[in-house]
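Worksheet: one structure, shown below.
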2 protein chains.
Amino acid sequence: MIEWRLNQPKWLQVANIIKERIASGQYQVDAPVPSEHQIVQEFGVARGTARKVLERLREEGVTYSVRGLGSFVAAPAAE
Amino acid sequence: MIEWRLNQPKWLQVANIIKERIASGQYQVDAPVPSEHQIVQEFGVARGTARKVLERLREEGVTYSVRGLGSFVAAPAAE
DNA sequence: TATGATTTGTGCGTATGTATT
DNA sequence: TAATACATACGCACAAATCAT
């Protein structure tokens, strides 16, 4: 079970959890991250919240999404 | 035509109707229940609502779904 | 072999209403 | 007041699996 913090929105907390999994190697590059539906199921949030999570990860360049396929871990940005 | 009740969601009402059909023997074990598209057509709901109906039936163990095939009546759970 | 139809899975967009913070 | 969150419901596009032709 997730222990939600009260001082930050759920969508941000879920996004951070997924980012930690990516950083830890749990999700490899080009491997799928949880889908909208899976986020709803695993974290017990609403669909709108799940969408916001994936939207945030895309905006940060952490993942990329393909319609009809899902969202996947992006290759690390070159520095 | 369906007479929708205002006090409960459409997806629940449709799910209950299908469960009644299963209970009555109208849909046999391993026989297909209405597909998403058929639910859309018969009950006049959106696909998302139809998906929610089948999702609920799966969660209750009433049916099982196979990608590319459809949803089918599950064998009764042993007690 | 391949083509199309059917079906489920997924992503994405939008809207309304309610409740909480 | 505003942001967050949940629930419900509508819709479209594309992908993958399956089956029949």
Side-chain angles (χ1 to χ4, degrees), chain A residues 1-19 21-22 27-75, chain B residues 1-19 21-22 26-74:
Chain A
M1 283 296 296
I2 307 296
E3 301 168 13
W4 300 111
R5 300 188 179 180
L6 301 178
N7 52 345
Q8 55 180 349
K10 289 186 177 181
W11 61 264
L12 185 56
Q13 298 181 53
V14 175
N16 285 334
I17 290 172
I18 293 178
K19 281 198 288 184
R21 292 180 182 176
I22 293 173
Y27 299 146
Q28 303 287 333
V29 172
D30 289 330
V33 296
S35 67
E36 286 186 5
H37 182 259
Q38 286 174 333
I39 291 176
V40 169
Q41 296 297 312
E42 175 177 354
F43 297 96
V45 298
R47 185 197 170 203
T49 306
R51 293 201 52 215
K52 204 153 186 172
V53 170
L54 295 175
E55 180 186 8
R56 171 64 161 237
L57 295 175
R58 280 198 306 275
E59 286 173 352
E60 294 187 355
V62 176
T63 64
Y64 62 94
S65 298
V66 182
R67 178 183 292 183
L69 274 179
S71 295
F72 307 87
V73 179
Chain B
M1 286 294 296
I2 305 296
E3 301 169 12
W4 299 111
R5 299 188 180 179
L6 300 177
N7 52 344
Q8 54 180 351
K10 289 183 177 181
W11 61 264
L12 185 56
Q13 298 180 54
V14 175
N16 285 335
I17 291 172
I18 293 179
K19 280 198 289 184
R21 292 180 182 175
I22 293 173
Q26 185 170 347
Y27 300 144
Q28 301 289 331
V29 171
D30 288 330
V33 296
S35 69
E36 295 177 2
H37 182 257
Q38 287 174 331
I39 291 175
V40 169
Q41 296 298 313
E42 176 176 355
F43 297 95
V45 298
R47 191 192 169 198
T49 306
R51 284 191 58 79
K52 184 109 183 176
V53 170
L54 295 175
E55 178 187 10
R56 172 62 162 241
L57 295 176
R58 280 197 305 274
E59 287 173 352
E60 294 187 355
V62 176
T63 65
Y64 61 93
S65 299
V66 182
R67 186 178 193 175
L69 273 181
S71 296
F72 307 87
V73 179

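Quick note on labels: first sequence line is chain A, next is B, and so on, each numbered from 1.
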Next on the checklist: So B:Gly70, base contact, sugar-phosphate only, or nothing? Heavy-atom distance under 4.0 Å.
Outcome noted: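 Sugar-phosphate contact only.
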Could you grab the distance from atom [atom1] of [X] to atom [atom2] of [Y], nearest 0.5 Å is fine?
| X | Y | atom1 | atom2 | answer |
| --- | --- | --- | --- | --- |
| B:Asn16 | B:Leu57 | CG | CG | 9.0 Å |
| A:Leu54 | A:Arg51 | CG | CZ | 9.0 Å |
| A:Ile39 | A:Ile18 | CD1 | CD1 | 4.0 Å |

Checklist entry - Who are the side chain to side chain contact (heavy atoms under 4.5 Å, CB included) partners of B:Thr49, not counting sequence neighbours? => result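 By the side chain to side chain contact (heavy atoms under 4.5 Å, CB included) rule, B:Thr49 matches B:Lys10, B:Trp11, B:Val45, B:Ala46.
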Next on the checklist: Going by side chain to side chain contact (heavy atoms under 4.5 Å, CB included), name the residues that satisfy it together with A:Glu59, two or more places apart in sequence or in a different chain.
Outcome noted: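 Counting only residues at least two positions away or on another chain, A:Glu59 forms a side chain to side chain contact (heavy atoms under 4.5 Å, CB included) with A:Glu55, A:Arg56.
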Item to check | salt bridge (Lys or Arg N to Asp or Glu O under 4.0 Å) partners for B:Lys19, two or more places apart | outcome: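 Partners of B:Lys19 by the salt bridge (Lys or Arg N to Asp or Glu O under 4.0 Å) criterion, ordered by chain and then number, come out as B:Glu60.
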Taking OP1 and OP2 of [N], is either one under 4.0 Å from a side-chain nitrogen or oxygen of [X]?
| X | N | value |
| --- | --- | --- |
| B:Ser65 | C:dT7 | no |
| B:Ser35 | C:dT6 | no |
| B:Arg51 | C:dG9 | yes |
| A:Ser71 | C:dT10 | no |

Item to check | Close approaches to DNA chain D from residues 52-62 of chain B, in residue order (heavy atom, under 4.0 Å) | outcome: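 Under 4.0 Å from DNA chain D: B:Lys52.
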Item to check | Interface with DNA chain D, restricted to residues 9-17 of chain B and to heavy atoms under 4.0 Å | outcome: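 Correct list: B:Pro9, B:Lys10, B:Trp11.
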Checklist entry - Does anything in residues 38-48 of chain A pair up under salt bridge (Lys or Arg N to Asp or Glu O under 4.0 Å), and if so which pairs, sequence neighbours excluded? => result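 For residues 38-48 of chain A: A:Arg21-A:Glu42, A:Glu36-A:Arg47.
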Checklist entry - Can you give one letter per nucleotide of nucleotides 16-21 of chain C, 5' to 3': B if a protein heavy atom sits under 4.0 Å from the base, S if only from the sugar-phosphate, - if neither? => result ------
Checklist entry - Hey, is the main chain of B:Gln8 close enough, under 3.5 Å, to the side chain of B:Gln13 for a donor-acceptor pair? => result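 Judged by distance alone, yes, a pair lies under 3.5 Å.
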Next on the checklist: Expressed as a whole number of angstroms, how long is the span from B:Phe72:CZ to D:dC19:C1'?
Outcome noted: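 In whole Å, D:dC19 C1' lies 11 Å from B:Phe72 CZ.
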Checklist entry - How many Å lie between CD on B:Gln38 and C1' on C:dA5, as a whole number? => result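 Whole-Å distance recorded here is 13 Å.
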Next on the checklist: So for the helix from C:dA2-D:dT21 to C:dT21-D:dA2, with five pairs setting each end axis, what is the inter-axis angle to 10°?
Outcome noted: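 The end-segment axes of the helix from C:dA2-D:dT21 to C:dT21-D:dA2 are tilted 10° relative to each other.
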Might you list the N or O atoms of the protein lying below 3.5 Å from N or O atoms in nucleotides 15-17 of chain D, with each pair's distance?
residue: D:dA15; atom: O4'; partner: A:Gly68; partner atom: O; Å: 3.1
residue: D:dA15; atom: N3; partner: B:Arg67; partner atom: NH2; Å: 3.4
residue: D:dA16; atom: O4'; partner: B:Arg67; partner atom: NH2; Å: 3.0

Exercise answer: donor-acceptor pairs, residues 61-69 of chain B side-chain atoms, under 3.5 Å, sequence neighbours excluded:
residue: B:Tyr64; atom: OH; partner: B:Asp30; partner atom: OD1; Å: 2.6
residue: B:Ser65; atom: OG; partner: B:Arg58; partner atom: NH1; Å: 3.0
residue: B:Ser65; atom: OG; partner: B:Ser71; partner atom: OG; Å: 2.7

Checklist entry - Is there any ring-ring contact (aromatic ring centres under 6.0 Å, His included) pair reaching into residues 28-47 of chain B, and which pairs are they, with sequence neighbours excluded? => result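 Applying ring-ring contact (aromatic ring centres under 6.0 Å, His included) to every pair that reaches into residues 28-47 of chain B, excluding sequence neighbours, yields nothing.
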